[in-house]
Amino acid sequence: MSNKQNLPALLTEPQAAKLTGIAPRTWRRWTRSGLAPAPIKIGRGVRPAIRFRHDEIQQWVEAGCPAVGK
């Protein structure tokens with residue numbers, strides 16, 4: 001995994017999964033269960049945009065991917 005990719009500060013779910021080398025379905029399950037960094041919601045309404053902080057994911061990976069809780 002290369003953390004030096006040209007990625008934005010806020011990542012989509014597929015980008016976050018790719019950055020960590022985890023399948024998108026697994027990434028989604030891990031974030032919902034508190035094993036991975038939680039997403040942030042941007043916008044209001046029924047379907048806000050879901051994003052993940054690039055720097056937070058990088059730090060999580062560098063720390064050995066510890067469970068982060070809910």
Listing, residues 41-48 side-chain donor-acceptor contacts under 3.5 Å, not counting sequence neighbours, or none:
none

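If you take NZ on Lys18 and CG on Leu11, they are separated by 11.5 Å, rounding to the nearest 0.5 Å. Here CD1 of Ile57 is found 10.5 Å from SG of Cys65. Values are rounded to the nearest 0.5 Å.
Pairs passing the salt bridge (charged side-chain N to carboxylate O under 4.0 Å, His left out) check and including a residue from residues 8-17, sequence neighbours excluded, read Glu13-Arg28.
Side-chain atoms of Leu10 and His54, non-hydrogen and from C-beta on, never get closer than 4.5 Å to each other. Residues Phe52 and Thr12 are not in side-chain contact: their nearest non-hydrogen atoms beyond the backbone lie 4.5 Å or more apart.
For the ring-ring contact (aromatic ring centres under 6.0 Å, His included) test, residues two or more places apart in sequence or in another chain that qualify with Trp60 are Trp27. For Thr26, there are no side chain to side chain donor-acceptor pair (under 3.5 Å) partners, not counting sequence neighbours. Listed by chain and residue number, Pro37, Arg53 satisfy the side-chain contact (heavy atoms from CB on, under 4.5 Å) test with Glu56 (two or more places apart in sequence, or in another chain). Evaluation of the salt bridge (Lys or Arg N to Asp or Glu O under 4.0 Å) rule for Arg51 yields no partner, not counting sequence neighbours.
Nearest heavy-atom pair across Ala36 and Thr31 is CB-CG2, 3.9 Å. When every heavy atom of Leu7 is checked against every heavy atom of Gln15, the shortest pair comes out as CD2-NE2, 4.3 Å.
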